[in-house]
Amino acid sequence: GDQRELELRIMPYSGTQLLVIARDVTQLRKLERMRKDFVANVSHELKTPLTVMNGYLEMLEDGESLPPQMMEKAVHDMQGQTQRMQKMVNQLLELSRMEVQTQDNFSKRVPMSRLLNDIIAELGPVMQEKRLHLDVAITPDLSVWGSEDKLRSAGMNLLTNAIKYSPEGSNIKVSWQLVRDFAEFSVIDSGPGIPLEHIPRLTERFYRVEKDRNSASGGTGLGLSIVKHALEHHRSKLQVESTVGVGSKFYFRIPPELVSSPTS
Ligand code: ADP
């Protein structure tokens, strides 16, 4: 809560007097706790896939006569776990890179239509596989002053989630538009939606909504924390509107001072 934590040092002063020095260590302690939590989380998250892999390897070690189906499942599961760990490590690296380079400048003008087209092109095959239909809306010649990598990462993570959580054959709407001098990015899906109580916690590292937590092949819970970081850099915040059973809208607005459009 609002309690401050003080560190006291008491020293003899002169004669019978004592000198007391108080230091406010509230922030320091908070950071220490966060770092410890983080290490504990990473360890915990890596433990599960490693345990699964170990189990399979032991089984393979002593069972020469595994039925082919079992063999296939073992290989498939191990591949899934390895990919998930790989993804997690890559995302952790991305997060720490973002934390290091907080000071990059806003001297680069990033064209939004190219950025969005790149993202869509990259995700095209996955969308086709799920027979998803994509509606795209874009304000031509809209640019943002900032980091191309971070903006790409934000858009990519949000669209990837929309694809991942969409039922097969459904619609996704994605847009990069000028809205009252703000550059607004939004993704709307008709996925399962997210219960209200989870929404404030979505950008926490490793946070996943209840039902996703146990799925081994599922996500890492890091994507939205990367988005949060990328947006902070552009003085923006991730917004979520969602209705269970209907779908979700994830969006953010880049403030006018970082927007470059034909009208401004
Ligand atoms: P993950 O890798 O698990 O997708 P994220 O940080 O990207 O991690 O998302 C955190 C959680 O938020 C997800 O596990 C999922 O429960 C929920 N979520 C994110 N995007 C959507 C979406 N479009 N529809 C429904 N739930 C979502």
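Atoms within a ligand are numbered from 1 in the order they appear, just like the ligands themselves.
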Peer 1: Within less than 4.0 angstrom of ligand 1, does K164 place any heavy atom?
Peer 2: yes

Peer 1: Please state which part of I194 comes within less than 4.0 Å of ligand 1, counting heavy atoms only: side chain, backbone, both or neither.
Peer 2: side chain

Peer 1: Return yes or no for this condition: an N or O of Y165 is under 3.5 Å from an N or O of ligand 1.
Peer 2: yes

Peer 1: Nearest non-hydrogen atom to atom 1 (P) of ligand 1 belongs to which of G223, G221, P192?
Peer 2: G221

Peer 1: What pairs of residues pass the side chain to side chain donor-acceptor pair (under 3.5 Å) test when at least one of them lies in residues 238-252, not counting sequence neighbours?
Peer 2: E241-Y251, S242-S248

Peer 1: Same cluster for V126 and L132 if Ile/Leu/Val/Met/Phe/Trp/Tyr side chains link at under 4.5 Å?
Peer 2: yes

Peer 1: Taking 4.0 angstrom as the limit and counting only heavy atoms of G219, give me the atoms of ligand 1 inside it, by number and element.
Peer 2: 1 (P), 2 (O), 3 (O)

Peer 1: Could you verify whether a donor N or O on one side chain and an acceptor N or O on the other, from R205 and S225, lie under 3.5 Å apart?
Peer 2: no

Peer 1: With heavy-atom distances below 4.0 Å as the criterion, list the atoms of ligand 1 near Y207.
Peer 2: 10 (C), 11 (C)

Peer 1: Is a donor on one side and an acceptor on the other found under 3.5 Å between the side chain of T220 and the backbone of L222?
Peer 2: yes

Peer 1: Please say whether G193 places an N or O atom under 3.5 Å from an N or O atom belonging to ligand 1.
Peer 2: no

Peer 1: By number and element, which atoms of ligand 1 are closer than 4.0 Å to a non-hydrogen atom of S248?
Peer 2: 24 (N)

Peer 1: Linking I/L/V/M/F/W/Y whenever any side-chain heavy atoms sit under 4.5 Å apart, do I120 and L115 land together?
Peer 2: yes

Peer 1: Take every heavy atom of L222, measure it against each atom of ligand 1, and state whether any distance is under 4.0 Å.
Peer 2: yes

Peer 1: Counting each atom of ligand 1 from 1 as listed, which ones have a heavy atom of D189 under 4.0 Å away?
Peer 2: 22 (C), 23 (N), 24 (N)

Peer 1: Counting both backbone and side chain atoms, is some N or O of N161 under 3.5 Å from an N or O of ligand 1?
Peer 2: yes

Peer 1: Could you list which atoms of ligand 1 come closer than 4.0 Å to a heavy atom of R208?
Peer 2: 3 (O), 14 (O)

Peer 1: Can a donor-acceptor pair be found between the side chains of E94 and S153 at a distance below 3.5 Å?
Peer 2: yes

Peer 1: Tell me yes or no: between the side chains of Y165 and D189, is some donor less than 3.5 Å from an acceptor?
Peer 2: no

Peer 1: List ligand 1 atoms under 4.0 Å from L202, heavy atoms only on the residue side.
Peer 2: 12 (O)

Peer 1: I need the full list of side chain to side chain donor-acceptor pair (under 3.5 Å) pairs touching residues 122-144, with sequence neighbours left out, sorted by first then second residue.
Peer 2: H133-N171

Peer 1: What class does the angle between the rings of H198 and Y207 fall in, given that below 30° is parallel, 30 to 60° is tilted and above 60° is perpendicular?
Peer 2: tilted

